[in-house]
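Some notes on the structure that comes next.
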Amino acid sequence: MNPGLPSFAAVVAASAALAVAGCGSDDSSSSASGGGSSSGKKLTLVTGVKGDEFYITMACGAQAEAKKLGVSLNVQSPDEFDPSKQTPIVNAVAASKPDALLIAPTDDSALYNPIKQVADNGAKIVLVDTTLQRADIAASQIATDNYAGGKAAAKALADLIGGSGKVLLIGFKAGVSTDDLRGRGFKDGAKELGLDLVASEYNDNKPEKAASIVKAALARDPDLKGVFATNSFASEGASTGLREAGKQAQVKIVGFDAGPVQVEQLKQNLVQALIAQQSAEIGRLGVEQAVNALEGKPVKAKIGTGSTTITRDNMNSPEAKAAMDKRSC
Ligand code: T6T
C-alpha cells in the first residue's frame with residue numbers, strides 16, 4: 001500500500017464512531033410539540049444498516065421533517081444489511097404499535113411478512129430507499145430513480161474509459177431493489193454504449209469482498225478498463241482492490257453514493273465518478289407522506305428522486321456538495 005495514502009478502513013472506523021456520537025444519527029429519537037392533527041403521532045424509521053452515511057443522512061432529513069410537523073420519530077438500524085438482522089427489529093416495532101413505519105427493506109421479499117404485521121396492527125407503511133416486490137401494503141414508496149442512476153453510471157464510465165473496453169459490475173446484494181435497478185440500468189446503458197461487460201458479481205455489502213472481486217477480475221482480464229460499484233461499500237472496496245493490484249492508472253471506477261469516504265477517494269483520484277443520491281430528501285419525503293397518510297390527505301404512491309454525477313471537475317460546486325452524505329446531522 002502506498003504509505004502516502006490514508007487508510008480508508010481508519011476513515012470508516014472514525015466515521016462509524018462519529019455516526020454513533022452524531023445527533024439524530026443511528027438509533028435516535030426526537031419529538032416536537034405543536035403542528036397539525038398528526039401532532040403527537042409516533043413514527044418509526046428502520047434503516048438498512050447502522051453507520052452507513054446514506055442512511056444517517058436520510059434519517060437527518062426525516063428527523064428535521066418530523067420536528068417541523070410535530071410528530072415523534074424513532075430511528076432504528078440493524079448492525080448488518082441483512083434481513084435476518086432487520087426482521088427482529090421490525091417484529092419489535094410491530095409490538096410497539098407505532099402510527100407509521102418508514103422502512104428500507106434489506107430484502108424485497110423476506111421483509112414482506114414482518115412489515116405486513118406492522119400494517120395489520122394499524123400502522124401506515126412508507127418504503128424509503130429500497131422497496132418490496134409486493135409493495136401494495138405501503139401508502140407510499142420513495143426512492144432514487146435507481147435505474148436512471150445505473151444508466152448514468154454506464155455513461156460516466158464510458159466517458160472515462162474513452163468509449164469502449166472491458167468493464168466489471170459489482171453489486172452489493174441480490175434481492176435488494178436498489179441494487180437490482182442500478183445493475184439493470186448499468187447493463188442496459190453499457191449495452192447501448194457498446195461497453196464489454198465481462199462479469200457481474202456481488203460483494204455482500206463488504207468492502208473487502210469487493211476488493212477480492214476486482215483482483216480476481218484483473219487476473220482473468222488483465223485489460224479490464226472500468227468498474228461500476230453499486231453502493232458506497234462496493235465502491236470503497238473496489239478502489240482498495242485496484243490499489244492493491246497496482247492498476248489504478250489503467251482502471252477507472254464509478255461508484256454509487258457520495259459519503260465522506262467516497263468523496264475523499266474521488267479527491268485522491270482513487271475513484272473517478274460518484275452517483276450521489278438525495279438522501280436527506282428521501283427521508284424528508286418519507287415523513288411528509290406518512291403524515292399525509294395519517295391525516296387523510298392525498299398521498300403519492302411513488303416518488304422518484306434524482307441523482308447527481310460527481311467528478312473531480314464539479315465536486316466543489318454547490319450542487320455536488322449538497323448531494324454529499326454526512327456523518328451526522
Ligand atoms: O446505496 C445506499 C442505499 O441506497 C442502498 O439501498 C444500500 O446501500 C447504501 O445505503 C449505501 O451504502
Side-chain angles (χ1 to χ4, degrees), residues 8 11-12 15-16 19 25-26 45-62 75 77-83 85-86 102-108 110-111 127-132 135 141-150 152-153 169-186 202-210 228-239 254-263 265 271 274-283 285-286 303-310 323-327:
F8 284 101
V11 177
V12 169
S15 105
S25 53
D26 295 338
L45 165 63
V46 178
T47 76
V49 66
K50 207 170 268 181
D52 174 332
E53 285 99 356
F54 166 81
Y55 289 122
I56 290 171
T57 309
M58 188 178 90
C60 292
V75 183
S77 309
D79 290 333
E80 282 172 49
F81 191 98
D82 191 308
K85 302 279 192 263
Q86 195 180 37
L102 285 72
I103 182 166
T106 50
D107 186 281
D108 63 13
L111 264 296
L127 301 173
V128 281
D129 178 43
T130 49
T131 189
L132 295 167
Q141 302 172 60
I142 297 136
T144 299
D145 184 340
N146 286 290
Y147 179 82
L169 167 61
I170 306 181
F172 67 88
K173 210 157 197 174
V176 183
S177 63
T178 48
D179 193 32
D180 291 348
L181 286 164
R182 290 168 199 173
R184 266 198 265 156
F186 180 76
Y202 292 104
N203 77 320
D204 294 324
N205 221 31
K206 294 186 170 69
E208 58 280 10
K209 191 157 175 200
F228 171 46
T230 63
N231 84 347
S232 54
F233 301 111
S235 158
E236 179 193 330
S239 161
V254 176
F256 221 91
D257 297 306
V261 173
Q262 289 70 48
V263 170
Q265 290 185 327
V271 166
L274 300 173
I275 311 296
Q277 309 191 66
Q278 297 176 7
S279 323
E281 179 65 0
I282 295 171
L285 287 165
I303 302 179
T305 52
S307 55
T308 307
T309 302
I310 306 180
M324 292 172 186
D325 289 332
K326 297 167 182 61
R327 290 186 178 129

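Position 1 is the first residue of the sequence, and the numbers go up from there. Order of listing sets the numbers, starting from 1, for every ligand and every atom in it.
Contacts of E53 with ligand 1, taken as heavy-atom pairs under 4.0 Å, are absent altogether. Contacts of F233 with ligand 1, taken as heavy-atom pairs under 4.0 Å, involve the side chain alone.
Q277 and T144 are linked by a side-chain donor-acceptor pair at a separation below 3.5 angstrom, with hydrogens and angles left out of the test. Checked by atom type, the side-chain pair D129/Y55 shows a donor-acceptor distance below 3.5 Å. The closest side-chain donor-acceptor pair between D179 and T230 falls under 3.5 angstrom.
Here the protein heavy atom with the shortest distance to atom 1 (O) of ligand 1 is D257 OD2, 2.6 Å. Regarding atom 9 (C) of ligand 1, its nearest protein heavy-atom neighbour is D52 OD2, 3.5 Å.
Residue contacts with ligand 1 leave out E236, since none of its heavy atoms falls under 4.0 Å from the ligand.
When ring centroids are compared, F233 and F81 stay outside the 6.0 Å threshold.
Every atom of ligand 1 is numbered from 1 in the order shown, and the set under 4.0 Å from a heavy atom of T178 is 5 (C), 6 (O).
The closest donor-acceptor contact from the side chain of Q86 to the backbone of T106 lies under 3.5 Å.
Remark: among candidates N231, D129, V49, the nearest residue to atom 5 (C) of ligand 1 is D129, based on non-hydrogen atoms.
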